[in-house]
Colleague: 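Shown below is the structure under consideration.
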Amino acid sequence: MVKTCVPIAHAYADDSQLYLSFQPDNELSETQAITSMERCIKAVRASMLKDKLKLNEEKTEFLVMGIRQQLDKVSLDEMTIGYTKVKTTTSARSLGVWFDHNMQLHTNIPKMYAMVRIYLYNIRRIRKHLTYELTRALTRATIIAPLDYCNSLLYGCSDGQIKILQRLQNMAARLLCNSTRFCRITPLLFKLHWLPVKLRTKYKMLLNAYKV
């Protein structure tokens, strides 16, 4: 008999997520977990159909998270949602942040870097037509804001990962100040009153602790 387990649900607008833990080295625990998930999704799907809503199986992602030693013991590779077999993925996006199956940000940082580089490129193309104030507003909205978004998750990241994001902030500072790529960055950050990425992360943690 399959034990009944109720998944934990998180919902934000049209982004709904279900979580359920299981023992990776226990086949029965895996079976119970996947069965409970499928039953819960089936119930949600039926409820949505009554309200003339549709659960989009094509956009549904199935991610198994854990440390490497745990994942090596897991045999799950797919889940049935409606009439669709959803395969496991190595990373998934949660409210703008990418998490990989090892519960790290190795996927999020490269994707953030690629996105912000596009904004930098576009602003640089029209920089000569913009005033300093307008450039500062664009820089804050498209570069600094993404760097600050959920940046408390960066606490404990390696220096190599932080350097990738710091490079973006350096480029934004040089672009805003119309400086060359070889000029010293510390005086520019001091002039703009911008903390480096690592210190911004610490500041966010301290600010949250103070508010609590």
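Residue numbers start at 1 and run along the sequence shown. In this text, all values refer to a predicted model and were calculated from it rather than measured experimentally.
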Colleague: Pairs under 3.5 angstrom only: tabulate donor-acceptor contacts from the side chains of residues 113-122 to other protein residues two or more places apart or in another chain.
Modeller:
from	atom 1	to	atom 2	distance (Å)
Tyr113	OH	Arg117	NH1	3.0
Asn122	ND2	Ile118	O	3.3

Colleague: Is the shortest heavy-atom distance from the side chain of Cys183 to the side chain of Leu188 under 4.5 Å?
Modeller: yes

Colleague: Is it possible for you to say whether Leu63 and Val97 belong to one hydrophobic cluster, with membership spreading through side-chain heavy-atom contacts below 4.5 Å?
Modeller: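 As far as the 4.5 Å side-chain criterion goes, Val97 and Leu63 are connected within one cluster.
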
Colleague: State, yes or no, whether a side-chain contact exists between Phe22 and Gln32 at a heavy-atom distance under 4.5 Å.
Modeller: no

Colleague: Just so I know, are the side chains of Asp100 and Thr90 near enough to count as touching, which here means a heavy-atom distance under 4.5 Å?
Modeller: no

Colleague: How about Gln166 and Gln169: do any of their side-chain heavy atoms sit closer than 4.5 Å?
Modeller: yes

Colleague: Using a strict 4.0 Å threshold on nitrogen-to-oxygen distance, state whether Asp72 and Arg68 make a salt bridge.
Modeller: yes

Colleague: Distance check, rounded to the nearest 0.5 Å: Asn208 atom CG versus Tyr203 atom OH?
Modeller: 10.0 Å

Colleague: Could you grab the distance from atom OG1 of Thr60 to atom CZ of Arg45, nearest 0.5 Å is fine?
Modeller: 10.0 Å

Colleague: Who pairs with Tyr19 by ring-ring contact (aromatic ring centres under 6.0 Å, His included), at least two apart in sequence or on another chain?
Modeller: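 Once residues adjacent in sequence are excluded, the partners of Tyr19 under the ring-ring contact (aromatic ring centres under 6.0 Å, His included) criterion are His10.
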
Colleague: State the CG-CE distance between Leu154 and Met205, to the nearest 0.5 angstrom.
Modeller: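 Result: 10.5 Å between the selected atoms.
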
Colleague: Hydrophobic clustering (ILVMFWY, side-chain heavy atoms < 4.5 Å, transitive) - are Leu199 and Val197 grouped together?
Modeller: no

Colleague: I'd like to check Met171 versus Leu176 (side-chain heavy atoms, cut-off strictly below 4.5 Å). Are they in contact?
Modeller: no

Colleague: How long is the straight-line distance from NE2 of His106 back to SG of Cys157, given to the nearest 0.5 Å?
Modeller: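 Between atom SG of Cys157 and atom NE2 of His106 there are 8.0 Å.
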
Colleague: Where do Pro146 and Ala141 come nearest, in terms of heavy atoms and distance?
Modeller: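 Heavy atoms of Pro146 and Ala141 come nearest at CD-O, 3.8 Å.
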
Colleague: For residues Leu168 and Tyr149: do they belong to one hydrophobic cluster (side chain heavy atoms under 4.5 Å, members Ile, Leu, Val, Met, Phe, Trp, Tyr)?
Modeller: yes

Colleague: Would you name the heavy atoms of Leu18 and Ala9 that are closest together and state the gap between them?
Modeller: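 Scanning both residues, the minimum pair turns out to be CD2-CB, 3.8 Å.
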
Colleague: Before you tell me yes or no, could you show the steps for Ile41 and Val44 under side chain to side chain contact (heavy atoms under 4.5 Å, CB included), namely the whole-Å CA-CA distance, both residues' side-chain angles and the distance that decides it to 0.1 Å?
Modeller: CA-CA 5 Å; Ile41 295 174; Val44 172; 5.5 Å; no

Colleague: With the side chain counted from C-beta on, respond yes when Arg174 and Ile185 share a heavy-atom pair under 4.5 Å apart, and no when they do not.
Modeller: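 Counting from C-beta outward, Arg174 and Ile185 do come under 4.5 Å.
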
Colleague: Could you check whether any side-chain heavy atom of Lys198 comes within less than 4.5 Å of a side-chain heavy atom of Asp159, counting everything from C-beta outward?
Modeller: yes

Colleague: Run the salt-bridge test on Lys204 and Asp148 with the 4.0 Å N-O cut-off and return the result as yes or no.
Modeller: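 No, Lys204 and Asp148 are not salt-bridged.
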
Colleague: Atom CG in Leu71, atom CG in Asn102: separation rounded to 0.5 Å?
Modeller: 6.0 Å

Colleague: Report yes or no: does Thr142 contribute a side-chain atom to a donor-acceptor pair with the main-chain N or O of Leu138 at less than 3.5 Å?
Modeller: yes

Colleague: Of all heavy-atom pairs between Thr89 and Ser91, which one has the smallest distance, and what is that distance?
Modeller: OG1-O, 3.1 Å

Colleague: How many angstroms lie between CG in Asp51 and CE in Met48, if you round to the nearest 0.5 Å?
Modeller: 8.5 Å

Colleague: Compare every heavy atom of Glu38 with every heavy atom of Thr80, then report the nearest pair and how far apart it is.
Modeller: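 The answer is N-OE2, 3.0 Å.
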
Colleague: According to a 4.5 Å side-chain heavy-atom criterion applied to Ile, Leu, Val, Met, Phe, Trp and Tyr, with indirect links allowed, do Met65 and Leu95 form part of one hydrophobic cluster?
Modeller: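 Yes.
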
Colleague: Indicate the atoms forming the closest heavy-atom contact of Ser29 with Gln23, along with that distance.
Modeller: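 Distance-wise, the nearest heavy atoms are OG-N, 2.9 Å.
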
Colleague: If every non-hydrogen atom of Ala33 is compared with every non-hydrogen atom of Leu20, which pair is closest and at what distance?
Modeller: O-CD2, 3.4 Å

Colleague: May I have the step-by-step check of side chain to side chain contact (heavy atoms under 4.5 Å, CB included) for Ile144 and Arg200, ending in yes or no?
Modeller: CA-CA 11 Å; Ile144 301 303; Arg200 296 176 84 91; 3.2 Å; yes

Colleague: Dump the intermediate steps for side chain to side chain contact (heavy atoms under 4.5 Å, CB included) on Met79 and Ile34, then the final yes or no.
Modeller: CA-CA 7 Å; Met79 178 189 298; Ile34 201 71; 3.5 Å; yes

Colleague: Enumerate the side chain to side chain donor-acceptor pair (under 3.5 Å) contacts for residues 128-139, please, sequence neighbours excluded, ordered by first and then second residue.
Modeller: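 Matches after skipping sequence neighbours: Arg127-Thr135, Glu133-Arg136.
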
Colleague: Is there a path from Leu153 to Ile109 through hydrophobic residues (I, L, V, M, F, W, Y) whose side chains come within less than 4.5 Å of each other?
Modeller: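 Yes, one cluster joins them.
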
Colleague: With side chain to side chain contact (heavy atoms under 4.5 Å, CB included) as the criterion, how do Thr201 and Ser152 come out once you've worked through the C-alpha distance, each side chain's angles and the decisive distance to 0.1 Å?
Modeller: CA-CA 5 Å; Thr201 299; Ser152 57; 5.5 Å; no

Colleague: Glu61 versus Val86: any side-chain heavy-atom pair under 4.5 Å?
Modeller: no

Colleague: Please determine, by modelled atom types, if Glu78 and Thr88 share a side-chain donor-acceptor pair under 3.5 angstrom.
Modeller: no

